[in-house]
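Worksheet for the structure shown next.
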There are 2 protein chains.
Amino acid sequence: MVVRTHLSNAALDRLFHALADTTRRDIVTRLLGGEDASVSTLAARYDMSFAAVQKHVAVLEEAGLVTKRPQGRERIVRGNPKQLAHARALLQQLEQLWIARFSQLDAILAEPRPPQE
Amino acid sequence: MVVRTHLSNAALDRLFHALADTTRRDIVTRLLGGEDASVSTLAARYDMSFAAVQKHVAVLEEAGLVTKRPQGRERIVRGNPKQLAHARALLQQLEQLWIARFSQLDAILAEPRPPQE
DNA sequence: ATAACGTACAACCGAATGGTTGTACGTACT
DNA sequence: AGTACGTACAACCATTCGGTTGTACGTTAT
């Protein structure tokens with residue numbers, strides 16, 4: 001999957017920060033792997049107050065990892081794999097940078113006379 | 001690149017938290033893409049105190065994204081692409097979860113009688 | 001030997017984080 | 001109509017974060 005990553009630094013900060021919490025990672029895991037759940041259904045699974053889970057969902061939503069759609073008195077939370085792909089794409093980009101450097105080092109080592117100036 | 005992701009939740013928290021800062025992402029970008037740099041060389045590039053950059057490097061180091069090796073009075077900072085791969089692997093895993101779910105939904109829609117019980 | 005450099009580390013500060021409880025309000029059930 | 005449910009939101013609290021300055025100490029250069 002190829003993903004163009006032109007998210008702002010602030011958006012990336014929010015995105016990675018959202019992923020930097022075990023409870024939040026667990027929430028997106030559940031959401032991506034099957035269950036579309038209301039906030040209270042999600043909250044029931046964790047050993048903390050409803051409000052705390054509500055805040056976690058809000059963080060995920062602001063990061064774009066999750067969307068909420070109203071349905072009756074409930075809010076159904078759905079995972080958003082696109083934003084996840086953005087994060088992965090950036091990491092892959094960084095790895096690629098490393099690989100490029102590495103192969104360049106290889107070339108330098110293979111070529112005894114470096115083509116400088 | 002296939003990466004087995006068996007990092008503790010705490011380690012993943014540290015990893016993603018380290019990536020959730022523009023300055024720190026910039027540091028790893030520089031390190032992976034060419035320059036092995038001392039802490040002060042790095043610090044010179046940013047509009048903040050040496051100590052602040054030092055702290056950022058420390059966060060990256062605790063997350064395993066970077067290593068420091070002493071060389072004379074300097075500490076040379078190097079990027080560690082392996083840890084980056086761990087983060088990417090986890091995201092890919094989550095995306096895969098979504099894809100699996102999606103194809104299962106496809107199957108359910110294609111098969112009018114769901115194979116339940 | 002002395003001065004300059006590179007680093008480590010502590011103390012401090014304001015803002016953000018992750019949690020709590022309490023209140024308010026729309027929706028659904030009886 | 002009244003009660004229970006699901007959500008939103010504010011206020012509060014302890015801790016962490018991202019930054020600062022200052023001090024100490026080993027290494028390099030003069």
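Below, chain A is the first sequence line, B the second, and so on; all start at residue 1.
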Rounding to a whole Å, what distance do you find between [X]:[atom1] and [N]:[atom2]?
| X | N | atom1 | atom2 | value |
| --- | --- | --- | --- | --- |
| A:Glu61 | D:dC9 | CD | C1' | 14 Å |
| A:Arg24 | C:dG19 | CZ | C1' | 12 Å |
| A:His56 | D:dT7 | NE2 | P | 16 Å |
| A:Tyr46 | C:dG19 | OH | C1' | 16 Å |
| A:Leu19 | C:dG18 | CG | C1' | 17 Å |
| A:Ile76 | D:dA8 | CD1 | C1' | 16 Å |

Quick one: list whatever passes side-chain hydrogen bond (donor to acceptor under 3.5 Å, both in side chains) with [X], sequence neighbours left out.
| X | value |
| --- | --- |
| B:Arg45 | B:Glu35 |
| B:Thr41 | B:Ser38 |
| A:Arg78 | none |

May I ask you to test the [X]-[Y] pair for a side-chain heavy-atom distance under 4.5 Å?
| X | Y | value |
| --- | --- | --- |
| B:Gln83 | B:Leu15 | yes |
| B:Val77 | B:Val66 | yes |
| B:Val57 | B:Lys68 | yes |
| B:Asp21 | A:Phe16 | no |

To the nearest 10 degrees, how far apart in direction are the end axes of the helix from C:dA1-D:dT30 to C:dT30-D:dA1, each fit to five base pairs?
20°
Which pairs, protein N/O on one side and nucleotides 20-24 of chain C N/O on the other, fall under 3.5 Å?
unit_1, atom_1, unit_2, atom_2, d
C:dT20, OP1, A:Ser49, N, 3.4
C:dT20, OP2, A:Ser49, N, 2.9
C:dT20, OP2, A:Ser49, OG, 2.6

Comparing B:Thr41 and A:Ala20 on DNA chain C - which has the more 5′ nearest nucleotide:
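Going by which nucleotide is closer to the 5' end, it is B:Thr41.
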Phosphate contact ([N] OP1 or OP2) by [X] side-chain N/O below 4.0 Å:
| X | N | answer |
| --- | --- | --- |
| B:Arg75 | C:dG6 | no |
| A:Gln54 | D:dT7 | no |
| B:Ser40 | C:dC5 | no |
| B:His17 | D:dT16 | no |

Sequence neighbours left out, what passes side-chain contact (heavy atoms from CB on, under 4.5 Å) with [X]? Give chain and number order.
| X | answer |
| --- | --- |
| B:Ala52 | B:Met48, B:Ser49 |
| B:Glu62 | none |
| A:Ala11 | A:Leu7, A:Ser8, A:Arg14 |

So CG of B:Leu90 and CD of B:Glu95: to nearest 0.5 Å the spacing works out to 10.5 Å
Side-chain polar contacts of residues 23-32 of chain B - donor-acceptor pairs under 3.5 angstrom, sequence neighbours left out - could you list them?
unit_1, atom_1, unit_2, atom_2, d
B:Arg24, NE, B:Ala18, O, 2.9
B:Arg24, NH1, B:His56, ND1, 3.2
B:Arg24, NH2, B:His17, O, 3.1
B:Arg25, NH1, A:Asp13, OD1, 2.9
B:Arg25, NH1, B:Leu19, O, 2.8
B:Arg25, NH2, A:Asn9, O, 3.3
B:Arg25, NH2, A:Asp13, OD1, 2.8
B:Arg25, NH2, B:Thr22, OG1, 3.4
B:Asp26, OD2, B:Arg30, NE, 3.2
B:Asp26, OD2, B:Tyr46, OH, 2.5
B:Thr29, OG1, B:Arg25, O, 2.7
B:Arg30, NE, B:Tyr46, OH, 3.3

Residues touching DNA chain D, which here means a heavy atom under 4.0 Å, drawn from residues 65-74 of chain B
B:Gly72, B:Arg73
Below 3.5 Å between N/O atoms, which protein atoms pair up with nucleotides 14-16 of chain C? Just atom names and distances, please.
none

What pairs with B:Lys55 under salt bridge (Lys or Arg N to Asp or Glu O under 4.0 Å), at least two apart in sequence or on another chain?
none
With heavy atoms under 4.0 Å as the rule, sort A:Thr23 into base, sugar-phosphate or nothing.
nothing
For side chain to side chain donor-acceptor pair (under 3.5 Å), just list the numbers for B:Gln71 and B:Arg75, CA-CA rounded to whole Å, side-chain angles, deciding distance to a tenth of an Å, and then say yes or no.
CA-CA 6 Å; B:Gln71 180 178 304; B:Arg75 304 300 146 99; over 6 Å; no
